[in-house]
2 protein chains.
Amino acid sequence: MQTLTRNQQIVFDIINKSSEPLKAYTILSNVQKKGIKAPPQVYRALDKLIEMGKIHKIESKNAFVACQNSSCNVSKATAFSICESCEEVTEISNSKISKYLSNFAEKAGMEYKKYNLEFFGLCKKCK
Amino acid sequence: MQTLTRNQQIVFDIINKSSEPLKAYTILSNVQKKGIKAPPQVYRALDKLIEMGKIHKIESKNAFVACQNSSCNVSKATAFSICESCEEVTEISNSKISKYLSNFAEKAGMEYKKYNLEFFGLCKKCK
DNA sequence: TTACATAATGTTATTTTATAACAATAAACT
DNA sequence: AGTTTATTGTTATAAAATAACATTATGTAA
Ligand SMILES: [Zn+2]
Ligand SMILES: [Zn+2]
Ligand SMILES: [Zn+2]
Ligand SMILES: [Zn+2]
């Protein structure tokens, strides 16, 4: 369990508190009062947090969310369900989906180190 | 089977001929001799081609590839295998993977309209 | 502790990716 | 022909990410 540096902690806190994915420049503007002044500081913290599996990047949105699983620090495989109406993003339990995908990969003779899966549709509220 | 407009055809041709995913500005610089001069012209063509399912965006790379399946125009669900060494991108047959994912979704009580899946690893050459 | 190496931070400028806004043409429809 | 709709052309700008280099902090080993 790695301990976070000052900037990493600041960036992680704001992502972790947020109910929605945050963009890098939104994070920046929210942490300027804490002394983080420039994009590279944010992006460096984001990179490390991703490496550690504490946060994930939603590629289709260029936005970042805190990990809602416990095992992503190991597998780095991620899966999300994204509402096209309200933009809500939910992380899908790693173990559940991994079983299906490793199953598929095995039958297809495919190997992989990680994956990212994004489902799009309507959440329960918006349906 | 929708027919392409002039700009759409030009942009599609260059993506389709390419052996690797192309970035928007790479496309732009390659079509300037054909009269496409500015980013919006490229991005508009890309948007339409994606809608039609003729090309896909590799989200993790901000790059575009021609569809290698036949059914993407219907489902808009996409899956790729990406080599982390040589950057090779292969589209995974839609029907194969879809079975697994719809299976998963059903058991999880989840609904979706489309998805995007990107596997990362090493291709056969790089392994 | 001091010297060296490594990691993290601060800062400025720039690159890369994507879109807003509006004018001009072309194509489709009535 | 006249009207609507889609596509194109053009300029400017916004948004996302990184390069490059200086500085400070932290860890490690003599
Ligand atoms: Zn996670
Ligand atoms: Zn919703
Ligand atoms: Zn396809
Ligand atoms: Zn390879």
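Here is the naming used below: chain letters follow the sequence lines, and residue numbers restart at 1 for every chain. Every heavy atom of this structure was used, including side-chain atoms; hydrogens, water molecules and symmetry mates were not. Here the structure is a predicted model, which means the values were calculated and not measured.
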When every nucleotide of nucleotides 13-20 of chain D is labelled 5' to 3' by its protein contacts under 4.0 Å (heavy atoms), B for base, S for sugar-phosphate only, - for none, what sequence of letters results? ---BBBB-
Ignoring backbone atoms, test whether B:Thr5 places a side-chain nitrogen or oxygen under 4.0 Å from the OP1 or OP2 oxygen of D:dA6. no
Would you mind reading off the distance between [X] atom [atom1] and [N] atom [atom2], rounded to a whole angstrom?
X: B:Lys37; N: C:dA24; atom1: NZ; atom2: P; value: 16 Å
X: A:Lys34; N: C:dT9; atom1: NZ; atom2: C1'; value: 17 Å
X: B:Gln8; N: D:dG9; atom1: CD; atom2: P; value: 12 Å
X: A:Leu46; N: C:dT9; atom1: CG; atom2: P; value: 12 Å
X: B:Met52; N: D:dA6; atom1: CE; atom2: C1'; value: 11 Å
X: A:Asn7; N: D:dT26; atom1: CG; atom2: P; value: 12 Å
X: A:Leu49; N: C:dA7; atom1: CG; atom2: P; value: 17 Å
X: B:Ile27; N: C:dT16; atom1: CD1; atom2: P; value: 16 Å

If the condition is salt bridge (charged side-chain N to carboxylate O under 4.0 Å, His left out), which residues does B:Lys107 pass it with, not counting sequence neighbours? none
Under-4.0 Å salt bridge between B:Glu111 and A:Lys127: yes
B:Lys61/B:Glu87 salt bridge by N-O under 4.0 Å criterion: yes
What pairs with B:Phe104 under ring-ring contact (aromatic ring centres under 6.0 Å, His included), at least two apart in sequence or on another chain? A:Tyr100
Choosing from D:dG9, C:dG10, D:dT7, which nucleotide comes nearest the side chain of B:Gln41? D:dG9
Nearest to the A:Ala38 side chain among C:dT9, C:dT12, D:dT7, which nucleotide is it? C:dT12
Per the side-chain hydrogen bond (donor to acceptor under 3.5 Å, both in side chains) rule, what does the pair list look like for residues 13-26 of chain A, sequence neighbours excluded? A:Gln9-A:Asp13
May I ask you to list the residues sharing a hydrophobic cluster with A:Val65, side-chain cutoff 4.5 Å, ordered by chain and number? A:Ile58, A:Phe80, A:Ile82, A:Val89, A:Phe120
Across all chains, not counting sequence neighbours, the side chain to side chain donor-acceptor pair (under 3.5 Å) partners of B:Ser60 are B:Glu118
